[in-house]
Amino acid sequence: MYFKRDIEPELIKHLDKKEYTIITGARQTGKTTLLKHLYAKLKKEGKKTFFVSFEDVDILSSINKHPEEIFSVTARPQRKETDNNRLQPYYLFIDEIQYANNPTNFLKYLFDTYGSSLKIIATGSSAFYMDEKFKDSLAGRKRIFELQTLNFSEWLLFNNEDDLKEELRMIQKQKDYVSTRKRELMELFQTFIVYGGYPRVALEKEPEEKIFLLKELKNAFLRRDIDESGIQHYEKFYMLLTILAGQTGNLVNKNELSTTIGIDHKTVDKYLYVLQNSFHISLVKPFFSNIRKEFTKMPKIFFNDSGMRNVLLNRFYNFDNRDDKGALFENYIFKRLCELYDKEQIRYWRTTDKKEIDFVVTESFLKGKAYEVKTKCPAKTISAPAKFSEKYSGYSYKIVSLDKNNTCLWFLKL
């Protein structure tokens with residue numbers, strides 16, 4: 001059974017664009033399922049389509065000789081169109097394109113040779129995305145779409161809670177909407193935040209099986225990310241990742257990590273680069289009006305999936321009884337903000353005397369929103385630190401809390 005993902009309308013809209021459509025994301029987020037769904041949709045509409053997987057060693061061997069060899073297994077499109085010769089595009093769907101010896105050259109050659117008569121929609125995981133040539137040589141020839149693990153709304157759909165998914169939409173869209181089903185949503189939210197949003201994990205009903213699948217993802221697929229990234233010391237990489245899991249929502253001190261793990265600063269930087277580009281972690285930069293300071297201060301660490309974070313720490317007990325529920329909740333708010341804003345708009349603010357605002361979202365020049373995340377709503381109304389309010393008067397300030405107290409912005413409305 002296919003469950004619609006939130007990114008699908010945006011992908012469908014891009015299918016008519018000349019630029020190639022590249023779907024990236026962590027392993028096991030559903031890229032192949034989504035690609036096959038788009039392929040079936042266009043085929044049903046009568047479009048000229050073909051689907052190949054570069055996991056097929058025979059196809060891979062052929063295209064590694066020359067990009068034109070792809071047409072030994074698919075139909076060949078016409079050459080570039082002219083002003084007087086408008087061509088109907090031929091849609092070529094390619095799964096796991098990162099397995100090609102030189103995927104950048106492969107895509108660049110076909111784009112420059114066949115123009116808009118050939119439209120490629122491809123999936124590619126971390127090894128492909130970390131190739132600097134991919135980013136530089138394909139400028140203007142591709143658009144990247146990142147498929148995340150399930151958000152809470154998608155997770156409800158995967159768990160056959162369609163009516164609660166609609167209830168969540170009403171809460172988020174209507175400012176004054178009063179829901180009578182907050183308790184149900186909260187109970188499901190607590191399951192979601194503990195086990196995360198990998199589709200296979202979401203579809204499994206038994207907690208023991210969810211944990212088994214998460215351990216499999218950690219041991220098998222994370223190891224593949226490491227191997228394809230050329231990292232030699234698996235145990236040190238894994239140690240760093242586990243330490244980061246325990247520091248969710250905190251500052252990343254590279255000096256401390258270097259000393260604790262016994263690796264140099266360059267290796268710490270490499271490990272962090274691999275973890276970001278294999279879509280496991282995100283680093284949030286500080287918010288400063290001085291741009292040079294912004295790039296020299298320590299970032300905060302968040303995980304792109306709470307289930308992966310929890311399996312690294314082997315912590316799966318009930319959310320209400322956790323001593324790290326504040327970190328988990330802040331991680332969720334970060335992920336929710338990433339759904340609403342570009343990730344580069346999201347920062348945190350902190351002074352030398354440790355006054356802090358968890359998230360600052362820049363919407364336009366000198367205007368935006370500031371959010372403080374708390375598991376319990378304060379008994380009295382509090383405002384942003386005076387220094388922040390004085391310097392950034394164009395920013396609103398709100399408390400995001402797990403409480404249902406009206407003095408707080410209840411988190412589901414985000």
Side-chain angles (χ1 to χ4, degrees), residues 7 10-11 14-27 29 31-32 34-35 38-39 49-81 89-148 221 224-231 269-280 343-344:
I7 198 175
E10 194 176 1
L11 283 168
H14 195 255
L15 292 177
D16 291 332
K17 303 295 183 182
K18 179 180 178 181
E19 293 79 15
Y20 290 169
T21 305
I22 309 296
I23 306 171
T24 62
R27 300 181 193 277
T29 55
K31 297 187 296 294
T32 299
L34 180 56
L35 190 72
L38 294 174
Y39 165 71
T49 60
F50 203 89
F51 186 100
V52 296
S53 172
F54 281 3
E55 286 190 306
D56 187 314
V57 293
D58 292 329
I59 294 175
L60 192 60
S61 177
S62 295
I63 66 98
N64 281 337
K65 295 174 184 175
H66 195 280
E68 289 282 350
E69 290 298 317
I70 189 66
F71 303 122
S72 65
V73 294
T74 72
R76 182 183 298 275
Q78 298 183 50
R79 292 278 175 169
K80 278 186 178 181
E81 66 181 13
Y90 167 46
Y91 295 90
L92 176 58
F93 290 80
I94 304 175
D95 196 24
E96 306 284 12
I97 198 169
Q98 77 276 0
Y99 289 126
N101 284 347
N102 194 334
T104 300
N105 180 67
F106 174 82
L107 291 172
K108 184 176 183 297
Y109 174 87
L110 293 177
F111 186 93
D112 293 345
T113 303
Y114 293 96
S116 57
S117 64
L118 176 65
K119 168 73 178 201
I120 290 180
I121 305 96
T123 65
S125 65
S126 57
F128 176 48
Y129 190 69
M130 281 188 278
D131 183 357
E132 290 296 335
K133 292 184 294 183
F134 162 69
K135 300 170 190 176
D136 297 336
S137 301
L138 289 177
R141 299 177 175 90
K142 55 82 176 76
R143 181 178 170 189
I144 300 171
F145 295 85
E146 183 180 342
L147 183 64
Q148 300 273 350
F221 296 104
R224 287 175 66 180
D225 285 333
I226 294 170
D227 291 341
E228 291 182 6
S229 303
I231 290 173
D269 284 334
K270 179 181 178 181
Y271 287 2
L272 292 173
Y273 175 82
V274 169
L275 285 169
Q276 288 178 88
N277 285 282
S278 54
F279 310 100
H280 293 301
K343 194 179 291 187
E344 289 302 311

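Position 1 is the first residue of the sequence; numbering continues from there.
Under the ring pair (Phe, Tyr, Trp, His ring centres under 6.0 Å) criterion, Tyr90 pairs with no residue at all, not counting sequence neighbours. Partners of Tyr99 by ring pair (Phe, Tyr, Trp, His ring centres under 6.0 Å), not counting sequence neighbours: none found. In this structure, the side-chain hydrogen bond (donor to acceptor under 3.5 Å, both in side chains) partners of Thr32, at least two apart in sequence or on a different chain, are Asp95. Shown here are the salt bridge (Lys or Arg N to Asp or Glu O under 4.0 Å) partners of Lys108, two or more places apart in sequence or in another chain: Asp112. Applying the salt bridge (Lys or Arg N to Asp or Glu O under 4.0 Å) criterion to Glu10, with sequence neighbours excluded, gives Arg143. Partners of Lys343 according to the side-chain hydrogen bond (donor to acceptor under 3.5 Å, both in side chains) rule, which considers only residues two or more places apart in sequence or in another chain, are Ser282. With sequence neighbours left out, the ring pair (Phe, Tyr, Trp, His ring centres under 6.0 Å) criterion links Phe71 to Tyr114. Not a single salt bridge (Lys or Arg N to Asp or Glu O under 4.0 Å) links Asp56 to another residue, sequence neighbours left out. In this view, Phe145 and His14 satisfy the ring pair (Phe, Tyr, Trp, His ring centres under 6.0 Å) rule, not counting sequence neighbours. In this structure Asn64 satisfies the side-chain contact (heavy atoms from CB on, under 4.5 Å) test together with Leu60, Ala100, Asn101, sequence neighbours excluded. In terms of the side-chain contact (heavy atoms from CB on, under 4.5 Å) criterion, residue partners of Asp269 (sequence neighbours excluded) are, by chain and number, Lys254. By the side-chain contact (heavy atoms from CB on, under 4.5 Å) test, Ala122 is found to be paired with Ile22, Ile94, Ile97, Ile120, residues two or more places apart in sequence or in another chain being considered.
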